[in-house]
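Before any comments, here is the structure.
Within every chain, numbering begins at 1; the chains are lettered A, B, ... in the order of the sequence lines, protein sequences first and strands thereafter. We use all heavy atoms of the structure for the numbers below, so side chains are in, but hydrogens, waters and symmetry mates are not. Not measured: the values here are computed from a predicted model.
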Number of protein chains: 2
Amino acid sequence: MKVNGKSFRTIWDEDGKVKIIDQRNLPHEFIIENLNTVDDCVRAIKEMHVRGAGLIGGTAGYGMYFAAQEASDIQEYEKLGKLLIATRPTATNLKWAVDRSIKEVLKDFDNRVPISLIIAKDIVDEDAEFCRMIGEHGAKIIEKISNEKNGEPVNILTHCNAGWLAFVDYGSATAPIYNAFDKGIKVHVWVDETRPRNQGARLTAWELGQHGVPYTIIADNVGGHLMQHSQVDIVIVGTDRTTYTGDVANKVGTYLKALAAKDNNIPFYVALPSSTFDWEIEDGIKQIPIEQRDGDEVHFAHGLYDDKIIDIRLTPLGSNAANFGFDVTPRRLITGLITERGICKASKEGVSELYPEMM
Amino acid sequence: MKVNGKSFRTIWDEDGKVKIIDQRNLPHEFIIENLNTVDDCVRAIKEMHVRGAGLIGGTAGYGMYFAAQEASDIQEYEKLGKLLIATRPTATNLKWAVDRSIKEVLKDFDNRVPISLIIAKDIVDEDAEFCRMIGEHGAKIIEKISNEKNGEPVNILTHCNAGWLAFVDYGSATAPIYNAFDKGIKVHVWVDETRPRNQGARLTAWELGQHGVPYTIIADNVGGHLMQHSQVDIVIVGTDRTTYTGDVANKVGTYLKALAAKDNNIPFYVALPSSTFDWEIEDGIKQIPIEQRDGDEVHFAHGLYDDKIIDIRLTPLGSNAANFGFDVTPRRLITGLITERGICKASKEGVSELYPEMM
C-alpha cells in the first residue's frame, strides 16, 4: 500500500538484505529497519517492531532464512526455529511459517540457505495475494450493504490493526475496505483506539489516512453505544488464531464488540488468510494460550510531545496492572469468516467446506 | 475518606468559603481549590475539576449559594441555575440539586443566601449519608459471595470512578467495597482504565490504594476475557442517570461490560443514591441525552513525565476522533440497583417498591 504516495510492503528483501517498517513510533515517525540475524527477528517480533498475524509469519519466514545461515547442523537449526515460535504465544502464523520452512529445508539441508530464502519470499508473496483475495470476497458484503443504503456511506467498525501493517500488504480486515473504497463505494471506518498499545489509533488510523479512506478514531468503550444508535453497519476484525471450529482469538476487546454486534443484530465478520487457522484445537476459549504482556504497557502511554516521542505515566506510582493481549470470541457470535477462498460460517462445517483437505 | 491518613470530603465549606479537590491532575498532584462564584462552579464542572454524579450535584448546590449572592432578582437567580444545569447534559443530579435549591429559596427570596447555604450543606451531607447506606446494603451481596467462595477474595470489576471522588464521600459503586473491606471481607478490584479520561486508572486506583484495598488496573478491553475465565465474581458500577424503569446511563463502555456479565452469568449491579433517578423518562436508550466531548480527549493522553504533568499526542496529525461520554445499559442486563433504601430489581416495579412516593 502507499506511504506518502510510494508503494510499500511491511517486509521485503533487497540484495539479500531484509527490511521492515519499524512500527513502534508510527504514526509519528516512519523508519525502515534492517534485520540481519535470527536475534534481530526475535527482538523485532517480541518488542513489536513488527506485529500482526501475517507480518509475524513473514518475519518468522525470514528468521528461518537467517537460521539456515547461522546453524551448522539440523539440531541447531530447529532450535532457532523454536526460539522464533516462542516470541508470541497466541499468534499461530509463527509456528505455521517456521514449520513450513523446516519441512522444505529438511529435504535438502545442504542447500538450506537458498531454499529458505525462496520459502520466505513465498510466504510473504502468498500472504499478500491471500489478503488481496480476502479483499475481493469481503468487498461484496460491503457493496451489498451500500446498495441497501442507496449509496450512503457504509459504517464499518474495526478493532486493533488488521490492516496492511499487520500483514505484508492489503491487510485482512482492511482488505475488503480498501477494495470497496477503490471501487468507489462510500465507506467510513470507526477505528477502535485499542488500548493499551493503541494499534488502532496509531496504525489503522495512519494507514487508512494514507490511502484516503474516511475514518474516525473512538475509545474502545464507544462501539456499543454506536451500535445501539445504528451508527455501525458491519464489524470486520482480524484474528491471531482461529480454531477449525470457528472460535477466534484476536486483540483483547474483540469479544466485547462481538457481544454488542449480536445484541444489535449487526453482522460481525472475521477476515483471515488460511495461515491463521489452527487445525488442531477445537475449543478456543479453553485451549488458545493468551499472552500476558508487561503491565507497563498499561501504566504508560507512548506519544508525541514537543517533537519527541516519549512515555508518560498514567497510573499511580506503585499501582498494579494486568495486561492480557488477546481474548477469544466464540463462534456463536460470528456471522462469517472471510478467507482467501471465500466466505464461510464460523463452524467446523463451514470451514471444512472451504478447506476440505485440512479436515 | 482518607488521603495520606487524613479524612477528606470532595467538597466542603469552611468559614463561608467553598473548597474542592481539583481532580484533574490526580493521582500525580493533590490540589485543593477554592470556589468563589457561580462561574467558578460552572468552570469546575465543565472542565472536570469535579466530576461524578453526586459531586456534580453538590457543586451545583454550592453554585446556587453563589447564585443567591450574585443575583439581585428571581429572574437573574433562575438564569444562573440554568447556567449550572447546562454544564453537563447527561448528569441528572445537576438539575435535581438546582431545582431543590430554587424550590426552597423561592419560599423566602430575601433570605436566599442563608437558605441556599443550608440547602447546599444538606445536599452534600445527604449524599454522604446515602452513599454510606448504599455501602451497608451492597456489602451484604459481597459478603454472600465471599461465603460461597469460603473466604477467597471476591473479585469485583468496576468501570470509571464511582468512588468517593465522584460523590461527597464513600462513593456509590465503591461504598459496598469499602464497607466489606472494612469488615475484613477479602476483596480484589479490577479497575477499568476508562478511556479516554482514565478516571479508573487515575482516580479509582488512587482512592482504593489510599484506603488499602487490593486492586489491579486493566485496559477497558480486558473485562470480557476475565469474565470468560471466572476471574470476576461481580460487577458494580455507578450511574449518571437512571430512568425510573431501570435503564442506566453511565460512563461509555458500561454497556459492553454488562453484555459480557450477562453472557457469563455474572451478577451486574448498579449503585446509586436516589438523586440520580430520572423520574420523568421511560426509555433510557432513546431519551437520555449523551454528552459528546472534545475529540482532543481521544487524541491526547495526560500524565506524568519528568515530574511535570503534560499531554502527549497519540493519534496521527489531522485525524478525526469522536468522543461520546456515556452509554445506556438496558435494564434487561442489570441484576439489581443498590440504593440508600436497599436493593431492587432494575424495573419500574422494582424501583416503585423502594420509592412508592415518586411513582
What part of [X] is in contact with chain B, defined as an atom under 4.5 angstrom from a non-hydrogen atom: side chain, backbone, both or neither?
{"X": "Arg197(A)", "result": "neither"}
{"X": "Asp311(A)", "result": "backbone"}
{"X": "Asn198(A)", "result": "side chain"}

Most heavy-atom pairs under 4.5 angstrom with chain B, which of [options]?
{"options": "Tyr305(A), Trp206(A), Phe300(A), Phe326(A)", "result": "Tyr305(A)"}
{"options": "His159(A), Lys251(A), Glu297(A), Lys286(A)", "result": "His159(A)"}
{"options": "Ile309(A), Thr315(A), Asp327(A)", "result": "Thr315(A)"}
{"options": "Ile290(A), Val328(A), Ile217(A)", "result": "Ile217(A)"}

Kindly say whether Ile285(A) contributes a backbone atom to a donor-acceptor pair with the side chain of Gln228(B) at under 3.5 angstrom? no

Do the side chain of Asn221(B) and the main chain of Thr194(A) share a donor and acceptor less than 3.5 angstrom apart? no

About how many Å separate NE2 of His299(A) and CD of Glu193(B), when rounded to the nearest 0.5 Å? 11.0 Å

Mind checking the CG-CE spacing from Leu256(A) to Met227(B)? Nearest 0.5 Å is all I need. 7.5 Å

Locate the shortest heavy-atom distance separating [X] from [Y]; write the atom from each residue and the value.
{"X": "Ala301(A)", "Y": "Ala301(B)", "result": "CB-CB, 4.0 Å"}
{"X": "Leu314(A)", "Y": "Pro27(B)", "result": "O-CD, 4.2 Å"}
{"X": "Val222(A)", "Y": "Val252(B)", "result": "CA-CG2, 3.8 Å"}

Tell me, side chain or backbone of Tyr255(B) under 4.5 Å from chain A's heavy atoms, or both, or neither? side chain

Options Leu226(B), Val298(B), Leu259(B), ranked by heavy-atom pairs under 4.5 Å with chain A, top entry: Leu259(B)

Side chain proximity check, Ile312(B) to His302(A), heavy atoms < 4.5 angstrom: no

Just checking Glu152(A): does its CD atom have more than 12 heavy atoms from other residues, nucleotides or ligands closer to it than 6.0 angstrom? no

If the threshold is 4.0 Å, N to carboxylate O, is there a salt bridge linking Lys262(B) and Asp263(A)? no

